[in-house]
Amino acid sequence: KWGNPAAAQEGTATYYTGPVWSYYIPSAADQPNTFLMAEARDVKEVAKVSGGPPPLFRDMERLRRATDGDRHFTMLLYPPFLFNDDGEPLFAAERAKTRQPISWLLGDGLQAASVSLHFSGETYLEMRMLGSLDKEPFKLASELRDRMNQIPSSLEDYFILLTPPPYWKKLSFRVPSMINTLHANMRVGVESDQAILNAVLPPAAGHNLVLGGELLMASTPGAVVASAGPQAPAGGGGVKSVEDALQVKTTYSFDQQSLEFAMRDLAADVKDSTKFDFAIKIIGPDLEKDGITRNMSVRDFKQTDATVADILTALVMKTSTAKGPSEPDHKLVWVIAADPENPTKQIILITTRAAAALKKYVLPAPFVPKNA
C-alpha cells in the first residue's frame, strides 16, 4: 500500500522513505498497532528517539500535563512555530489564506496553547493558553474572546466578495450566526496560571463549524467562473450521457485550488448547468502509487468557452511538466468508466496512465501516444 518505500537507517532504528511520504514503525512491544506517516525530516527525528515522546518546550509541557486523555480531540500548539519558516508548509495551497487571520486571532504574547473538543450529549470546546510574563492570563483570554466577537462582521464583508458556489451558498449565510452563537456561549477564566476559554454548544455545532471553515478555505473570491448559459452539445436533445456532458462548453477559472476541489467544483458546475448527474471521482490509491496527491495545488487556471473534456485535460496537465497530454511521462489522465461504488453508472475517473493500462481503461484521444 505504501509503494515499497526504501529502508533507511537513523542510529539503530529503521524507517522508510517513499516519493511523497516517509514511514516509521516502532517496536510492537512498546507501541503495538502504531505507525507514523509524515515528511522525511519529521520521521527521521522520531526514529532518532526510537518512537519515544519528543522533548517539549517548557510551556508546552505545562499544557500537556493539563490535557484530558478522555477528550475526543486535543491539539497542542506552539504559536511561534506557525509563523516562522518551519511552519510555512502548514499553510500551503488553499490554507495560505488562513495564516494572517490566525495570526490576528491568536494575537501577541501567546507562548503555547491547547485546543480540545469533546462530543457527547453536547459539544464542549476548551482552549488553554500560556502567555509571555507581561501578559496577565485573564487579559490574554479576554482579548481573544473580544477578537472573536469581530469575526461575524468580518465574515459578512468577506462573503460579499466571495460569492460562494451554489452547493454551500445557503450554509454560508449561517456561518456568521454560528460564530455569534459560539461567542455568546463562551466563558473566560484562569486555572493554574493558565488562561482558559471554553464553551458548551449544541451537538451539531462542532461538525458545522468545521464544515464552514473547510468550505471557506476551499473557496476563493472570484475563484470559479462558469458561463451563465453553457452551449449544448451539437445535435440537440440536451445532455443525456457523460459523452454529451463532455461536449458542453463553459468557462472555468480560478487563482488557486487543490486538484480535488477543482474537480469537485467543475462537476458541480456541469451538473447544475445541464441537470445531468455528472460526476468526477479521483482514484486516490492510483495517484499515490505514482507519487501524486489529490490535494496538490493547481494555480492560475483559466479556460474560456472550452468543452468540459478540454477543461479536464487542461486540469490534469497542470500536475506535470510534460509538453503535452500524449507524452508518456505525463502520468495523470481522465477516463470514462464505471463508478467503483456503482458499476451501473458511468462517470469520469481521475487516475494515472499506468493504472489505466492495468485496468484496461480506454484513454481519451488527447492521452493516446502519437506513435501508438
Side-chain angles (χ1 to χ4, degrees), residues 57 59-60 62-63 66-67 71 73-118 123-162 164 171-172 174-191 194-201 205-221:
F57 290 108
D59 287 339
M60 291 279 281
R62 287 176 61 192
L63 288 179
T67 58
R71 297 274 169 88
F73 172 82
T74 299
M75 175 176 67
L76 281 168
L77 180 67
Y78 180 60
F81 170 84
L82 290 179
F83 307 111
N84 62 26
D85 291 342
D86 288 336
E88 190 169 346
L90 295 174
F91 297 96
E94 58 268 0
R95 296 188 297 275
K97 72 184 73 170
T98 67
R99 197 172 194 182
Q100 190 280 327
I102 290 175
S103 175
W104 167 81
L105 180 63
L106 296 179
D108 298 325
L110 186 60
Q111 298 300 304
S114 68
V115 179
S116 62
L117 293 166
H118 194 78
T123 295
Y124 177 71
L125 179 149
E126 180 180 281
M127 183 172 184
R128 290 174 174 261
M129 296 167 284
L130 286 170
S132 53
L133 294 177
D134 61 344
K135 184 74 72 170
E136 193 271 326
F138 188 83
K139 184 178 181 182
L140 183 68
S142 297
E143 288 177 351
L144 177 62
R145 184 176 65 173
D146 291 342
R147 286 191 292 273
M148 289 192 68
N149 193 33
Q150 302 174 42
I151 292 177
S153 177
S154 298
L155 283 176
E156 290 171 351
D157 294 338
Y158 181 68
F159 284 135
I160 293 174
L161 301 173
L162 184 63
L171 174 62
S172 73
R174 300 175 181 173
V175 173
S177 65
M178 292 180 192
I179 305 297
N180 271 326
T181 300
L182 171 62
H183 186 267
N185 286 274
M186 194 168 286
R187 300 294 180 266
V188 170
V190 176
E191 181 181 279
Q194 299 172 12
I196 299 177
L197 187 149
N198 58 21
V200 177
L201 300 165
H207 164 269
N208 289 336
L209 288 167
V210 171
L211 176 61
E214 171 69 17
L215 293 170
L216 271 172
M217 279 197 298
S219 303
T220 302

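Position 1 is the first residue of the sequence, and the numbers go up from there. Since the structure is predicted, the reported quantities are computational estimates derived from the model, not experimental observations.
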Side chain to side chain, L105 and I151, heavy atoms closer than 4.5 Å: yes
Donor-acceptor contact present, side-chain S177 to main-chain R174, <3.5 Å: yes
Set of ring pair (Phe, Tyr, Trp, His ring centres under 6.0 Å) partners for F73, sequence neighbours left out: none
From S114 atom OG to D59 atom CG, the distance as rounded to the nearest 0.5 Å: 11.5 Å
Pairing residues for N198 by the side-chain hydrogen bond (donor to acceptor under 3.5 Å, both in side chains) criterion, not counting sequence neighbours: Y124
Pairwise side-chain contact, V200 with N185, heavy-atom cut-off 4.5 Å (strictly under): no
Option passing side chain to side chain contact (heavy atoms under 4.5 Å, CB included) with L209 (candidates T123, L201, T181, V175): L201
Separation between CG of L182 and CG of N208, rounded to the nearest 0.5 Å: 12.0 Å
Residue list, side chain to side chain contact (heavy atoms under 4.5 Å, CB included) with R145, at least two apart or on another chain: H183, M186, V188, L197
Donor-acceptor contact present, side-chain R99 to main-chain L82, <3.5 Å: yes
Closest contact, heavy atoms only, E136 versus K139: OE1-N, 2.9 Å
Atom of P137, atom of A195 and distance for their closest heavy-atom approach: O-CB, 3.0 Å
By side-chain hydrogen bond (donor to acceptor under 3.5 Å, both in side chains) - contacts of S132 (at least two apart): D134
Counterpart residues, side chain to side chain contact (heavy atoms under 4.5 Å, CB included), relative to L125 (two or more places apart): L117
Straight-line distance of L144 CG to M129 CE, nearest 0.5 Å: 5.0 Å
CG on D108 to CG on L140, rounded to 0.5 Å: 10.5 Å
Results of ring pair (Phe, Tyr, Trp, His ring centres under 6.0 Å) for F91 - residues two or more places apart only: none
Value rounded to 0.5 Å, distance of CG in L110 from CE in M127: 6.0 Å
Those residues that, when tested against Y78, pass side chain to side chain contact (heavy atoms under 4.5 Å, CB included) (two or more places apart): F57, M60, P80, F81
Donor-acceptor under 3.5 Å (R147 side chain, L106 main chain): yes
With R71 via salt bridge (charged side-chain N to carboxylate O under 4.0 Å, His left out) - residues at least two apart: D68, E126
Which residues share a side-chain hydrogen bond (donor to acceptor under 3.5 Å, both in side chains) with Q111, sequence neighbours left out: none
Residue pair S172 / P176: nearest heavy atoms and the distance that separates them: O-CD, 3.5 Å
Side chain to side chain contact (heavy atoms under 4.5 Å, CB included) involving Q194 - partner list, sequence neighbours excluded: L63, A66, R128, L130
